[in-house]
Amino acid sequence: MQIGVVFPQTEIGPDAGAVRGYAERVEELGYAHLLAYDHVLGADPAVHVGWAGPYDIDTTFHEPFVLFGYLAAVTSVELVTGIIILPQRQTALVAKQAAEVDLLTGGRLRLGVGLGWNAVEYEALGRDFSDRGRRVGEQVELLRRLWTERTVTHDGAYERVNGAGLAPLPVQRPIPVWFGAASPPAFRRAGRLADGWFPQVAPGPRLDEARALVAEGARQAGRDPEAIGMEGRVNWRDGDVDRIVDHVSRWRTAGATHVSVNTMRAGLGTVDDHLRVLGDVADALDLAGPH
């Protein structure tokens, strides 16, 4: 099982040196991948009265593709979007950006995609929030064609490309596409389309129910459910390394192929604090050895 980290988007701040130092140290500690969340815009609660989202206009987010282009030069860990809000972005542009990151990293990009929840962001980016679930399947189909074919003609319900293609193509053909999923339709969609998925629940009965729906979607599409990866997440709280180790073990038992350690929202005030915690976890998990 591959163990990585969740990049502390909302807490690392704007200093490029801190971003670089964090990524370099994560690799030194033995983590195998770095996963980054995505938001382009935050809503202003003074304008959107009653705003209840977890992020707002003052929450920092580094743009994942640009961030990964920078990190490609300073680290050799796998870079993972967890997730890119795909339906609010232009599909061909995402294909190009992802291909470029994959080239710069030598084939170390894993593209996690999802639907998102922020209608304010969709509006600002000129995309329809209401049909995002219907559009994402066609987007993923087109992404894979653009990553593997010299010239593409596609005339679909939402996407149109007429005799065009990317150059250069990515190293991975196609780039792995993983899905965020938190509802029965999303679980089945992941089974039909995804190379892997990110559950939003911990190991237990709710995860078992979600996995059954992912498997159902896979079988309906003629796919092998066992070939679909699964990435869990463990959250640092209150200095409890033993709890982190136990949760990682639970994900391994549940069949996860990947796990990420999240240190955000744990009261860690500096980048050094995040790295100190990740160092303690790496030691406890013996990341220098087999895992």
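Only this structure's heavy atoms are used, side chains among them; waters, hydrogens and symmetry mates stay out.
- Scanning all heavy atoms of the two residues, the minimum distance from Ala36 to Leu67 falls at CB-CD2, 4.3 Å.
- Using a cut-off of 4.0 Å between Lys/Arg side-chain N and Asp/Glu carboxylate O, Glu27 and Arg108 are scored as not salt-bridged.
- The nearest pair of heavy atoms linking Ala284 to Val241 is CB-CG1, 3.2 Å.
- One distance of note links CG of Asp56 with CG of Asn118; it measures 10.5 Å at 0.5 Å rounding.
- Taking CZ of Arg237 as the start and CZ of Arg265 as the end, the distance is 8.5 Å to the nearest 0.5 Å.
- Shown are Glu141, Gln139, Glu138; of these, the side chain to side chain donor-acceptor pair (under 3.5 Å) with Thr91 is made only by Gln139.
- We find that Arg134 and Asp128 are not joined by a salt bridge, their nearest charged nitrogen and carboxylate oxygen being 4.0 Å or further apart.
- The side-chain heavy atoms of Pro8 and Tyr22, taken from C-beta on, include a pair separated by under 4.5 Å.
- In this structure, Phe61 shares a hydrophobic cluster with Val6, Leu35, Tyr37, Trp51, Tyr55, Val80, Ile83, Ile85, Trp117, Val120, Tyr122, Phe129, Trp178, Phe198, Met264, the cluster being traced through Ile, Leu, Val, Met, Phe, Trp and Tyr side chains under 4.5 angstrom apart.
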With salt bridge (charged side-chain N to carboxylate O under 4.0 Å, His left out) as the test, would you mind laying out the steps for Glu121 and Arg132 before giving the verdict? CA-CA 13 Å; Glu121 196 170 21; Arg132 64 198 191 284; over 6 Å; no
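- Atom CG of residue Leu166 and atom CG of residue Leu143 lie 9.5 Å apart, to the nearest 0.5 angstrom.
- At a threshold of 4.0 Å, the pair Arg25-Glu28 counts as salt-bridged, since one of the basic side-chain nitrogens sits closer than that to a carboxylate oxygen.
- Closest approach of Pro174 to Trp147, counting heavy atoms only: CB-CE3, 3.9 Å.
- Using a 4.5 Å heavy-atom threshold, the side chains of Arg145 and Val161 count as separate.
- Side-chain contact annotation: Asp246 with Ser249, donor-acceptor N/O pair under 3.5 Å absent.
- If you run side chain to side chain donor-acceptor pair (under 3.5 Å) between Asp102 and each of Arg173, Gln172, Gln97, only Gln172 comes through.
- Distance check: Asn235 CG to Ile244 CD1 gives 7.0 Å after rounding to the nearest 0.5 Å.
- The distance from the CD1 atom of Ile228 to the CZ atom of Arg192 is 11.0 Å, given to the nearest 0.5 Å.
- Looking at His154 and Glu149, their side chains never bring a donor and an acceptor atom within 3.5 Å of each other.
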